[in-house]
Protein chains: 2
Amino acid sequence: MSDVLKPVRKKSLADTVFDQLRQGILSGELEPGETLPAERALAEKLQVNRGAVREALKRLEQARLITIRHGGNTTVLNFRRTAGTDLLSALLVDEEGNLDLRVGRSVIEMRSALAPSIARLCARRGRDVIDRLDEILASMEANQDDRQELQMASLDFWATLVEGSDNIAYRLAFNSLRESYAHFAELLTDALAEEFEALDKYRALRDAVARGEEEKSARQAGEIIDLGATALLQVIEGLESMTLSDSEDQR
Amino acid sequence: MSDVLKPVRKKSLADTVFDQLRQGILSGELEPGETLPAERALAEKLQVNRGAVREALKRLEQARLITIRHGGNTTVLNFRRTAGTDLLSALLVDEEGNLDLRVGRSVIEMRSALAPSIARLCARRGRDVIDRLDEILASMEANQDDRQELQMASLDFWATLVEGSDNIAYRLAFNSLRESYAHFAELLTDALAEEFEALDKYRALRDAVARGEEEKSARQAGEIIDLGATALLQVIEGLESMTLSDSEDQR
DNA sequence: GAGGCCGAACTGGTCATACCAGTTGACCAC
DNA sequence: GTGGTCAACTGGTATGACCAGTTCGGCCTC
């Protein structure tokens, strides 16, 4: 009752096959170089029609997790050397919904590295988003007490900044980061509160961008992000030391 | 004759359909929100089996370019807000092989933003790749006169550094950047020569990483990357001013 | 025996044709 | 108006056949 009921998503057969194989690959159960069974064999083993298997395989190929050769056999790729950032969210959570802390840390680190450059570029050529930044800032001021609202607004703020940076690579990377973020955003509302509530820093960043001050924009962005990053990394370190007993999760 | 003959890749039907639709979406011909014809209709229009159309559509969905709803219709997404970095190389070159300079600049900017952080993290926790860095440096020294070899070796150097950073987000982003890079690497061998030939800087970077000096590693990486970045951005500016006449390529 | 041709037996790719399963909207009863 | 129902879409699943590459071993030639 606290929130909207979840939308009841039903997975298709091919989705299920896809998830199963992907999980096998990401977990290392299926190693790079290994050859998968033939489509017909897989279909029989999984008790589904060949079309479903085929669809799953083609999607895995699209995601660069396997290669398929007409007439030859299908082999598992080393996704760490081939996949793109859209794999991040799948890597972050395993089949049971557990978070992979190493991946979480990676996401945080990337966020920190990109933020200053995003702000700099936005200051250089994205002044047209200032109006939207102002709207978001206004909504943040109006919701200073509601951390969840603040969290969502700050995400909007960054999304707008990225858009203003007019850098498609940043936008695409940001999409993947945001998707990963969604998996554990609720868990971190408190840890990140300091970042959201630094409204004056957000305003300073907006002003620097509006004036086209690249260096200052970059610095301000870095300051804001660091507030959250240090908090997040502390959380992760805490969780890591908690799970030292039953973990043999090196690779 | 100069090089190996190209491997003659033949595209499957579904590949062709996929490419066609993707190009339509990336070029803006198919706008976000627009609904695509039904699978059966598309199949008839394109004179192919429904299965081929279906496969193309599912792959487009996998790449986050469209959404498919059972019973409903298929609609085009705003890929700038949904896709991951694996779309970069497709965005960089259009159907005729022409480069999109804006995308090229984005790639260069991202490279510059990530390199220092990559070096820092590698210094922090990737000492185990030092041996491989040394091997690459040795091969660079042995090929000081061969720019092509240098170029490939420097790419290896960075790939190894990224691996040592132990940051999966960086690795995945790097994969996409490298794939984009491959499209125009040959064209830029000369422009980037200054970067490749700065062997002493590479050595300094390796030493800093080996000693775990994070700040110095980051700085050295930035210096190396900047050599190439400024050269590349100049090339792009030159090309941009050349194609002012027949360009209405704003969005 | 060395080299090359060739065909069986794999592999994935394409196709036609059903039918199942959600979604939508017009229509009708209440 | 409200809610139910049904027809006509949409995509999803299932078969079974055949086409098209790849692989590899056996045969033939030299």
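Below, chain A is the first sequence line, B the second, and so on; all start at residue 1. Any value given below was found using the heavy atoms of this structure, including those in side chains, with hydrogens, waters and symmetry copies removed. Given the structure is predicted, the values throughout are model-derived calculations rather than measurements.
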Qualifying residues under side-chain contact (heavy atoms from CB on, under 4.5 Å), relative to E44(B), sequence neighbours excluded: none
Neighbours of DNA chain C within residues 46-54 of chain A, by heavy-atom distance under 4.0 Å: R50(A), R54(A)
Going by atom type alone, with no hydrogens or angles, which donor-acceptor pairs under 3.5 Å involve a side-chain atom of residues 69-77 of chain B and a protein atom two or more places apart or on another chain?
unit_1: R69(B); atom_1: NH2; unit_2: N73(B); atom_2: OD1; d: 3.2
unit_1: T75(B); atom_1: OG1; unit_2: T67(B); atom_2: OG1; d: 3.1

Pairs where residues 22-31 of chain A contributes a residue and the test side-chain hydrogen bond (donor to acceptor under 3.5 Å, both in side chains) is met, not counting sequence neighbours: Q23(A)-E95(A)
For Q62(B), all residues meeting side-chain contact (heavy atoms from CB on, under 4.5 Å), sequence neighbours excluded: F18(A), R59(A), Q62(A), A63(A)
Sugar-phosphate only, base, or nothing, as touched by K11(A) at under 4.0 Å among non-hydrogen atoms: nothing
Distance in angstrom units between I68(B) CD1 and dG22(C) P, rounded: 17 Å
Partners passing salt bridge (Lys or Arg N to Asp or Glu O under 4.0 Å) against R147(A) (at least two apart in sequence or in another chain): D190(A), E197(A)
Show me the donor-acceptor pairs within less than 3.5 Å that the side chains of residues 131-140 of chain B make with the rest of the protein, sequence neighbours left out.
unit_1: R132(B); atom_1: NH1; unit_2: E163(B); atom_2: OE2; d: 3.4
unit_1: R132(B); atom_1: NH2; unit_2: E163(B); atom_2: OE1; d: 2.8
unit_1: D134(B); atom_1: OD1; unit_2: R206(B); atom_2: NE; d: 2.5
unit_1: D134(B); atom_1: OD2; unit_2: R206(B); atom_2: NH2; d: 3.2
unit_1: S139(B); atom_1: OG; unit_2: I136(B); atom_2: O; d: 3.3

Global bending angle along the helix from dG1(C)-dC30(D) to dC30(C)-dG1(D), which compares the axes of five pairs at either end, to 10 degrees: 10°
All salt bridge (Lys or Arg N to Asp or Glu O under 4.0 Å) counterparts of K45(A), not counting sequence neighbours: none
Lys/Arg-Asp/Glu bridge criterion (N-O < 4.0 Å) met for D86(A), R64(B): no
With 3.5 Å as the limit, what N/O pairs link the protein to nucleotides 8-11 of chain C?
unit_1: dT11(C); atom_1: O3'; unit_2: G72(A); atom_2: O; d: 3.4

Partner set under salt bridge (Lys or Arg N to Asp or Glu O under 4.0 Å) for D156(A), not counting sequence neighbours: none
Value rounded to 0.5 Å, distance of OG1 in T35(B) from CD1 in I66(B): 11.5 Å
DNA chain D-proximal residues of residues 12-21 of chain B, any heavy atom under 4.0 Å: none
Salt-bridge criterion met for E61(B) and K58(B) (N-O under 4.0 Å): yes
Student check: side-chain heavy atoms of V107(A) and Y181(A) closer than 4.5 Å: no
Phosphate OP1/OP2 of dG12(D): any K58(B) side-chain N/O under 4.0 Å: yes
